[in-house]
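These numbers come from the heavy atoms of this one structure, side chains and all, not from hydrogens, waters or symmetry mates. Every chain is numbered from 1, with letters handed out A, B, ... down the list of sequences.
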Number of protein chains: 2
Amino acid sequence: MAYDQAQRRYCDSEERRCPALPTHCATCHARQLSICGALDQYDLPGFATLSSHVRFRAGQTICEEGAPADWVFSVTSGVIGLHKALPDGRRQTTGFLFAGDLVGLSSRIVNACGAEAITDVEACRFARRRFETYMNEHQEVETRLLRMTADELSAAHDQMLLLGRKTARERVASFLLQLADRAARRRVQANPVLLPMKRLAIADYLGLTIETVSRSFTGLARLGVIEMVSVGAVRIVSMADLRDVAEGR
Amino acid sequence: MAYDQAQRRYCDSEERRCPALPTHCATCHARQLSICGALDQYDLPGFATLSSHVRFRAGQTICEEGAPADWVFSVTSGVIGLHKALPDGRRQTTGFLFAGDLVGLSSRIVNACGAEAITDVEACRFARRRFETYMNEHQEVETRLLRMTADELSAAHDQMLLLGRKTARERVASFLLQLADRAARRRVQANPVLLPMKRLAIADYLGLTIETVSRSFTGLARLGVIEMVSVGAVRIVSMADLRDVAEGR
DNA sequence: ACACGGGATTGATCTGGATCAACCCGGTCG
DNA sequence: CGACCGGGTTGATCCAGATCAATCCCGTGT
């Protein structure tokens, strides 16, 4: 049995030889965060060939609510906002997606939500059909997808509590904690918390208006639990106090 | 090869002989609605032995938010309410579950939501560990579970739009449509819509108070889009008009 | 340097739904 | 039968956050 120096393991057949990764996968730092993390070096290249690498500019529409759900996207950098709207234009952002997150978890035939690039975005795009076929053949991917979907559902339940019962100040406090938490889990700067989205996007996410979001920030700052470093960065002075505010204690 | 008259198919080995179903499965009218619908008559008995049949009285707690997520329940009759709460007692109902629905989709280690019997309830209870093991061995069940979870997530997104942006009247109208829709899909009476839950449970679900729910019902009735048959039954006069109200048109 | 413009903040007022309170209605028990 | 009790409805008032309006702040282009 031949030992493959590059792969640091024994290869017993031609089939186990590991094909080259597409460059965007080889250098992708979102890989461990995403669904690809379920694949080993042998399965990953096959999976990678299903996808193409795409970019969006901040503000660009990625897909429209109600349109045929032809694609699944895996975010590799930047931030995407998902949203639903009413005919008269009222709009609710249902979630922000970061590197490692998937666009299209809640969609089946048509997109449950519209998606928009909040910052410049890079992503992998999969044809949904082929994505689903691959899943049927690779249960470990389906298992991972189920876990991600269940986590999203759990987060959605938290958000319902926020939208249904929390005050404006509690909402903003909770939002900052969410962002800090995500940043920590993705091992990037968590304090000061970076706010990549504009006030309008935050307001749409929290079921508030920009004015109320703004007032809540200054309110929290006056309370002394945060400090506004800039419009796009907030220092959390006391995590515990902020948590208390978020939970209405 | 022997043709089995009872099963209407050829049986080529002892192994394919179909063991007897537990009585509660044999007579279960939720079977096609639920995860069991993914199993054929040969796999179902094996799955069924994982579960025990349980009952709850209206008002009983089924599981507590934050407690270890040891069980998964599949509702076979009655209505269950899921909810999350804040320390000061504010409460948000995240969903109502009917026959065929699963309790525990969003939970991993601890319960994401508490669950409470809204009416008398019958359900199948599975040890989560064994449930997950079974899933790993039966991909068709996992696929079905993924689909159910994705649908729940989609419904959760709708509910975020409702909680974040709709007026009280729109919320109640949307709620009635949800119930009518569910009833129709479960092939039970959809008009008049039956309301198995009290006003408080509706209020907790819609992010309102009982008083506002009550006023919204009377408001919709005065508009002429519904008629209150009784406290627990609402006749939808015009589906289209009610839909317009729900969407703010 | 200056004008411009898009976003954020702050202030003044308004309002939908919460809160507080009274009353109603139907079922149950003494 | 009447008292009681747990919902549900209706009415009066209040207030958190929306709305409308002014100002600020800062990056950009001339």
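As judged by a 4.0 angstrom heavy-atom cut-off over every strand, A:Ile210 is placed among residues making no nucleic acid contact.
B:Glu170 has a carboxylate O that lies under 4.0 Å from a charged side-chain N of A:Arg90, or vice versa, which qualifies the two as a salt bridge. Ion pairing between B:Lys84 and A:Asp158 holds under the 4.0 Å rule for side-chain N and carboxylate O.
In this structure, A:Leu162 atom CG and D:dG17 atom P are separated by 12 Å, rounded to whole Å. Rounded to whole Å, atom P of D:dA18 lies 13 Å from atom CZ of A:Arg90. At whole-Å resolution of the value, CZ in B:Phe217 and C1' in D:dG7 are 14 Å apart. Atom CZ of B:Arg169 and atom P of C:dT15 are 17 Å apart (whole Å). Rounded to an integer number of Å, the gap from B:Asp88 CG to C:dA18 P is 15 Å. Atom-to-atom, CZ of B:Arg171 to C1' of C:dG17 comes out at 9 Å; the value is rounded to the nearest Å. Rounded to a whole Å, the CG atom of B:Leu220 is 15 Å from the C1' atom of D:dT9. If you take CG of A:Leu200 and P of D:dT19, they are 13 Å apart, rounded to a whole angstrom.
Closest non-hydrogen pair, B:Ile118 versus B:Ala201, comes out as CD1-CB, 4.4 Å.
The number of heavy atoms from other shown groups lying within 6.0 Å of CD (B:Glu64) does not exceed 12.
Candidate nucleotides D:dG8, C:dC20, D:dC20 were compared by shortest atom distance to the side chain of B:Glu211, and C:dC20 ranks first. For A:Val231, counting side-chain heavy atoms from C-beta on, the closest listed nucleotide (D:dG8, C:dT9, D:dA18) is C:dT9. When the nucleotides D:dG17, C:dA18, C:dG17 are ranked by their closest atom to the side chain of A:Thr212, D:dG17 comes out on top.
Residue side chain B:Arg215 reaches the base of D:dG11 through a donor-acceptor N/O pair under 3.5 Å, judged by distance alone.
Not one side-chain nitrogen or oxygen of B:Ser214 sits closer than 4.0 Å to the OP1 or OP2 atom of D:dG8. Between B:Thr209 and C:dA18 there is a side-chain N or O to OP1 or OP2 distance below 4.0 Å. When the side-chain nitrogen and oxygen atoms of A:Thr218 are compared with OP1 and OP2 of C:dT10, one or more of them lie within a distance under 4.0 Å.
A:Glu122 and A:Thr76 share no side-chain donor-acceptor pair at under 3.5 Å.
Sequence order on DNA chain D of the closest nucleotides to B:Lys198 and A:Gly207 puts B:Lys198 first from the 5' end.
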